[in-house]
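The basis for the numbers below is simple: all heavy atoms, side chains too, and nothing from hydrogens, waters or symmetry mates.
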Amino acid sequence: TLSLHDALPISNDGTGRPSLWQGHMAWLGPSHVRVTYEDQRHPDRPFGLELQRQRLFSWQVTRLDLPLKEIAGLGP
C-alpha cells in the first residue's frame, strides 16, 4: 500500500542516486491537504494538488495545478 509519505521521495531512494523530484505536503485542515512537487532540473515548473478526505481511508483530488504554459513551451 502506498501512502502520501511514500509518494514524497525527498532525499535518496537507496540506490546512491539523488531523487530528481522533491515533494512538500501542507495540511490545510484536519481533512484537507496540499501536495506540491518540483523537478530538481526545472524548479520553475512546480505542480500541485489538493486532496480532501471523503471517508476514513478515502481521499479525493479537489484541485490540480499544472504549469501548462511551461509544459507547452509558452512560459518563461
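Here the closest heavy-atom approach between residue Pro67 and residue Pro46 is recorded as CD-O, 3.5 Å. The two residues Arg55 and Arg53 make their nearest non-hydrogen contact at O-CG, 2.8 Å. The two residues Leu51 and Val35 come nearest to each other via the heavy atoms CD1-CG2, 4.4 Å. Shown here for Val33 and Met25, the closest heavy-atom pair between the two residues is CG2-CG, 3.4 Å.
Counting heavy atoms from C-beta on, the side chains of Arg45 and Asp39 never come closer than 4.5 Å.
Taking Leu64 as the reference, Leu49, Leu66 meet the side-chain contact (heavy atoms from CB on, under 4.5 Å) condition, with sequence neighbours excluded. Residues that satisfy the side-chain contact (heavy atoms from CB on, under 4.5 Å) test with Asp65, not counting sequence neighbours, are Arg34, Arg63.
At a threshold of 4.5 Å between side-chain heavy atoms, the hydrophobic network of Ile, Leu, Val, Met, Phe, Trp and Tyr places Trp59 and Phe57 in two separate groups.
Atom CD in Glu50 sits 10.5 Å away from atom OG1 in Thr36 (nearest 0.5 Å).
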